[in-house]
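Counting convention: from 1, in listed order, for ligands and their atoms alike.
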Amino acid sequence: MSLVVQKYGGTSVGSIERIKAVAERVVESRKRGNDLVVVVSAMAGETNRLFKLAQELSEMPNPRETDVLVSTGEQVSAALLAIRLEALGYPTVSFLAHQLRIATDSNHGRARIRSVESDRVRRALDDGMIAVVAGYQGVDPAGDITTLGRGASDLTAVALAAALHADLCEIYTDVEGVYTADPNIVPGARKLARISYDEMMEMAGLGAKVLQLRSVELAQRYNVPLVVRSSFSSAEGTWVGQGDRSMEDVLVSGVTLDQNQSKITIAGVEDRPGLAAKIFGPIADAGIVVDMIIQNASADGRTDMTFTVARDELRRALDIVKRVAGEIGAQGVRHEDPVAKVSIVGLGMRTHAGVAATMFRVLSDERINIEMIATSEIKVSVVVNAKYGELAMRALHDAFLGGANTASETV
Ligand code: ADP
Ligand code: ASP
Ligand code: MG
């Protein structure tokens, strides 16, 4: 008998019909003799709906109350699934984060998990029950509800799998696995049979939301066997695990698009030591992650400093930057057209020169202007005008992954 953690995303539990189908799948696994812990997301669209309600009442809704609100979506789907499983004759118990104690810090909206107590789930399983757990939520030291960040039901699932030493963590979603690019944007994208934790982390961090970034980090740290598959079909999914040599033979394993990016420029900053720290210190203190930064030196001893932040942090970042710009005598602050970040990812880039050059040529052939560039050992990212994000992604996929060069590890 195996202990399996299954996680069903928003689309998978998006209607009563879908919840019935999920229950069937859970029962199937139970009939095969597995002990089951099932983590659920809110029904599709529900979390966004709740965020919008808060926005209608306040421009800057109180973070604690926002978490009380947006965590309710998962409570509803957990109860609905438990009700259905009971109706099918399978003893089931649902749990919210405070009942298990998925303990987090108090960073509302992006809380980090400190510990997971798995005793209650264990007891339920020992009693022959199916445990259904509300994803995305935690509880802070004061006993207040927190949420773990968008898409973080994946993290709940992996954290439980790690705490319970589960044999397998299955992530059920609306695509058949991890593809070489988002299959909803790139029709020629191919499903990967396997992907290494490292590559998956890069892809998740660069916009491939099929798995949430921190869930992959945690899976790697605790060596949780992870598979991504569809809740709509029985197709083999994608295994995420330790990298092996065969994967390194491939130059590029995926192309990603992050459309949640905004660009800010502080113009006419005096070019002297300490000013970058004055600008980026307060932004970091506010917990805002700055992604790419470029500095254009100019002849008159002043520079322009341009950087990107997540689009949903733009307002807060601009407030801070405008204040700092005044203090340091900068000439102005611009917030430019929406931008997108397009990246190519692959362990194979470590040992191959010229990948970036090919990428730039492909974009140039499409007449797409590159606004910013960042590279690491296993990825190259460019920022382009948001209008061209999808075009850039398709062109790059075609160039690097369109041929037969990766057939060995796709299915
Ligand atoms: P869930 O609600 O099940 O968590 P998500 O919407 O968070 O589902 O993630 C699944 C989506 O991720 C897919 O519908 C797809 O559009 C997107 N996606 C982005 N990049 C990839 C990729 N490389 N492979 C598969 N899906 C991807
Ligand atoms: N419901 C949450 C969200 O929409 C968490 C998740 O779906 O994983 O972000
Ligand atoms: Mg998701």
Side-chain angles (χ1 to χ4, degrees), residues 6-14 18 22 39-52 66-67 69-78 97 109-111 133-138 146-159 170-193 195 199-216 227-232 235 237-238 240 252-260 312 340-346 389-390 393-394 396-397 401 410-411:
Q6 296 187 335
K7 178 258 169 176
Y8 292 91
T11 318
S12 306
V13 295
R18 291 298 314 154
V22 164
V39 175
V40 286
S41 289
M43 295 168 82
E46 178 64 4
T47 311
N48 286 343
R49 187 185 75 87
L50 294 167
F51 270 110
K52 243 189 243 126
T66 303
D67 275 354
L69 175 69
V70 300
S71 61
T72 57
E74 273 69 13
Q75 176 165 352
V76 170
S77 30
R110 52 193 150 88
V133 178
Y136 181 50
Q137 51 177 254
T146 55
T147 59
L148 311 174
R150 296 309 304 267
S153 294
D154 295 342
L155 181 62
T156 306
V158 173
E170 297 179 315
I171 306 288
Y172 284 94
T173 183
D174 56 5
V175 288
E176 289 188 352
V178 180
Y179 284 67
T180 49
D182 186 338
N184 291 320
I185 299 177
V186 180
R190 285 173 304 187
K191 189 169 66 177
L192 297 161
I195 186 168
E199 283 169 311
M200 192 62 237
M201 265 190 281
E202 282 288 348
M203 285 183 60
L206 292 168
K209 67 169 180 167
V210 61
L211 279 177
Q212 192 249 14
L213 173 60
R214 278 158 53 207
S215 72
V216 189
V227 64
V228 180
R229 38 193 312 202
S230 167
S231 66
F232 295 82
T238 300
V240 187
V252 171
S253 47
V255 182
T256 61
L257 173 64
D258 181 350
Q259 287 170 305
N260 179 33
D312 41 18
K341 183 167 65 172
V342 185
S343 311
I344 53 176
V345 177
E390 295 195 356
M393 192 190 200
R394 285 190 206 105
L396 290 169
H397 189 272
L401 292 150
T410 55
V411 285

**Asked** Quick one: which ligand 1 atoms are inside 4.0 Å of a heavy atom on Pro183?
**Response** 24 (N), 25 (C), 26 (N), 27 (C)
**Message:** Quick check: closest heavy atoms across Asp258 and Asn260, and the distance to 0.1 Å?
**Reply:** OD1-N, 2.8 Å
**Asked** Does an N or O from Asp154, backbone or side chain, lie closer than 3.5 Å to an N or O of ligand 2?
**Response** no
**Request:** Run down the list Met200, Glu176, Met393, Lys7 and name the one with the heavy atom closest to atom 4 (O) of ligand 1.
**Result:** Lys7
**Message:** For ligand 1, which is the ligand I care about here, please tell me if Thr173 has any N or O atom under 3.5 Å from one of the ligand's N or O atoms.
**Reply:** yes
**Request:** List the atom of Gly346, the atom of Ser253, and the distance in Å for their closest heavy-atom pair.
**Result:** CA-OG, 3.6 Å
**Request:** Check whether any N or O atom of Gly10, backbone or side chain, sits under 3.5 Å from an N or O atom of ligand 1, and answer yes or no.
**Result:** yes
**Asked** Would you say ligand 2 has an N or O under 3.5 Å from any N or O of Gly151?
**Response** yes
**Fill in**
Note: Ala181, heavy atoms under 4.0 Å from ligand 1, region reported as backbone
**Item:** Donor-acceptor contact present, side-chain Gln137 to main-chain Thr147, <3.5 Å
**Value:** no
**Request:** Kindly give the heavy-atom pair with the smallest separation between Ala340 and Gln259, and that separation in Å.
**Result:** CB-CG, 4.4 Å
**Fill in**
Residues Val39 and Ala157: closest non-hydrogen pair is CG2-CA, 3.8 Å
**Complete:** A student checking ligand 2 against Ala152 at a 4.0 Å heavy-atom cut-off should list atoms 5 (C), 8 (O)
**Message:** Restricting to non-hydrogen atoms, name the atom on Gly14 and the atom on Met43 that form the minimum distance, rounded to 0.1 Å.
**Reply:** O-CE, 3.7 Å
**Request:** Tell me which protein heavy atom sits closest to atom 2 (C) of ligand 2, plus the residue, atom name and distance to 0.1 Å.
**Result:** Glu74 OE2, 3.4 Å
**Complete:** re atom 7 (O) of ligand 1, the protein heavy-atom contact at minimum distance is Lys209 O, 3.5 Å
Donor-acceptor pairs under 3.5 Å, side chain of residues 201-213 to any protein atom, not counting sequence neighbours: which ones?
from	atom 1	to	atom 2	distance (Å)
Gln212	OE1	Arg214	N	3.2
Gln212	OE1	Ser215	N	3.0

**Prompt:** With only distance considered, is Tyr179 within less than 3.5 Å of ligand 1 through an N or O on each side?
**Reply:** yes
**Complete:** Per-atom filter on ligand 1: closer than 4.0 angstrom to a heavy atom of Val178 are 24 (N)
**Prompt:** What protein heavy atom sits nearest atom 26 (N) of ligand 1, and how far away is it?
**Reply:** Val210 CB, 3.5 Å
**Request:** Determine yes or no for a side-chain-to-main-chain donor-acceptor pair under 3.5 angstrom, with Arg150 supplying the side chain and Thr47 the backbone.
**Result:** no
**Asked** Where is the tightest heavy-atom contact between Gly10 and Ser41, given as atom of each residue plus distance?
**Response** N-CB, 3.6 Å
**Item:** side chain to side chain contact (heavy atoms under 4.5 Å, CB included) assessment of Met393 paired with Asp182
**Value:** CA-CA 9 Å; Met393 192 190 200; Asp182 186 338; 4.1 Å; yes
**Where ligand 2 meets Ser41 - atom numbers and elements under 4.0 angstrom, heavy-atom basis** = 6 (C), 7 (O), 8 (O)
**Asked** Counting each atom of ligand 2 from 1 as listed, which ones have a heavy atom of Arg150 under 4.0 Å away?
**Response** 3 (C), 4 (O), 9 (O)
**Asked** Which atoms from ligand 2 have a heavy atom of Ser153 less than 4.0 Å away?
**Response** 5 (C), 6 (C), 8 (O)
**Message:** For the backbone of Arg18 and the side chain of Ser12, can you confirm whether one donor and one acceptor N or O come within less than 3.5 Å of each other?
**Reply:** no
**Item:** Any Gln212 heavy atom less than 4.0 Å from ligand 2
**Value:** no
**Request:** Show your working on side chain to side chain donor-acceptor pair (under 3.5 Å) between Thr146 and Asp67 and close with a plain yes or no.
**Result:** CA-CA 6 Å; Thr146 55; Asp67 275 354; 5.4 Å; no
**Message:** So if I count the atoms of ligand 1 from 1 in the order they appear, which ones are less than 4.0 Å from some heavy atom of Ala208?
**Reply:** 19 (C), 20 (N)
**Asked** Taking only heavy atoms of Met203, which atoms of ligand 1 are found under 4.0 Å from at least one of them?
**Response** 23 (N)
**Asked** Considering only heavy atoms of Gly177, which atoms of ligand 1 have at least one such atom less than 4.0 Å away?
**Response** 24 (N), 25 (C)
**Message:** Any nitrogen or oxygen of Asn184, side chain or backbone, less than 3.5 Å from one on ligand 1?
**Reply:** yes
**Prompt:** With a 4.0 Å heavy-atom cut-off (strictly under), which part of Val175 contacts ligand 1: side chain, backbone, both or neither?
**Reply:** side chain
**Prompt:** Is any N or O atom of Asp174, backbone or side chain, closer than 3.5 Å to an N or O atom of ligand 1?
**Reply:** yes
**Prompt:** Taking side chain as C-beta onward, heavy atoms only, is Thr11 less than 4.5 Å from Thr173?
**Reply:** no
**Request:** Have a look at ligand 1 and work out which part of Asp182, if any, has a heavy atom under 4.0 Å from it: side chain, backbone, both or neither.
**Result:** both
**Asked** Looking at residues at least two apart in the chain, or sitting in another chain, which of them share a ring pair (Phe, Tyr, Trp, His ring centres under 6.0 Å) with Tyr136?
**Response** none
